[in-house]
Amino acid sequence: MAPIVGVLALQGASREHTAALEKLGATVHQVRLPQDLVGLDAIVIPGGESTTISMLLESSETFEPLAELLNQGLPALGTCAGMILLAKEVLDGRPDQKSFAQIGIAVRRNAFGRQIASFETDLKIQNLDQPFPGVFIRAPGADILEPSVEVLASLKLDSGEETPVFCRQKNVLVTSFHPELTDDLRLHQFFLEHL
Ligand code: GLN
C-alpha cells in the first residue's frame, strides 16, 4: 500500500514536497491541525522560516501532538527550516522558538550567510552515484552532537570548514538544502524507501 505522508503546511515549501512525494506514489496529507496527523506513516517538515513555523505550530495546537508522534518514532524528513525544527539544539534561534529535538545535531541558522548567500551547488551524497543539485537558501549549518548521527553529505563553508548538510539518525533525515525545489526525486525516494 502507498505510504501516507503528512506534509506540514503551515508555512513554506509544502506544495513542492507534496508534488515530489505524489510523483513517487505516496498519498500526501497536508497537516495544518492536530486532526490531520491521524494515520500518518511519516511526516515532512518543509523549508520556510523556522521561527514562524514554530509559532504557527503552537497557535494551531499541533506542536504537542506532533511531538508525541515523533517521540513514538514517526519517521521524519526536515528540509532547511524543517532541519532546524528537528534539531536537538538551535544555537542562535529566537528564545521562544521551539524544536522537536529528534536528531542529535546542533544547528546554526543562516550558517552560509543571509539571503545573498543563497546558492546552488552539486553535492556528493553517500550512496548516490551522480551528484545531487543542492539548492541552499539561508541554509543552516550543523554540528554533530551524537555519534549515531550519520553524515550523508557535507559542504565547505567560506571559512574552509566542512559542515554537514544531510544527516540521518535512525528514521529522521534532515537536509540544509531544498530537494523539493529541484526535479530530482532521489532524496524523497531515499526517504520513502527507509520508512
Ligand atoms: N533561515 C531560515 C530559518 O531560520 C531557514 C531558511 C529556509 O528554510 N530556506 O528558519
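Start at 1 with the first residue, then count along the sequence. Every number for a ligand or one of its atoms is a count from 1 in the order of the listing.
The contact shell of ligand 1, taken as protein residues with any non-hydrogen atom closer than 4.0 angstrom, comprises Gly47, Gly48, Glu49, Ser50, Cys80, Ala81, Ile84, Arg109, Asn110, Ile137, Arg138, His178.
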For residues 70-81, dump all side-chain donor-acceptor pairs below 3.5 Å to protein atoms at least two apart in sequence or in another chain.
| unit_1 | atom_1 | unit_2 | atom_2 | d |
| --- | --- | --- | --- | --- |
| Asn71 | OD1 | Gln102 | NE2 | 2.8 |
| Asn71 | ND2 | Ala67 | O | 3.2 |
| Thr79 | OG1 | His17 | NE2 | 3.0 |
| Thr79 | OG1 | Gly47 | N | 3.3 |

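Using a 4.0 Å cut-off between charged nitrogen and carboxylate oxygen, Glu193 and Arg186 do not count as a salt-bridge pair.
Note: Phe136 and Phe119 have parallel aromatic rings, judged against thresholds of 30 and 60 degrees for the angle between ring planes. The aromatic rings of Phe63 and Phe100 lie parallel to each other, with less than 30° between the two planes, well short of the 60° mark.
Among pairs with a residue in residues 23-45, those fulfilling side-chain hydrogen bond (donor to acceptor under 3.5 Å, both in side chains) read Thr18-Gln30, at least two apart in sequence or across chains.
Under the side-chain hydrogen bond (donor to acceptor under 3.5 Å, both in side chains) criterion, Ser59 pairs with no residue at all, not counting sequence neighbours.
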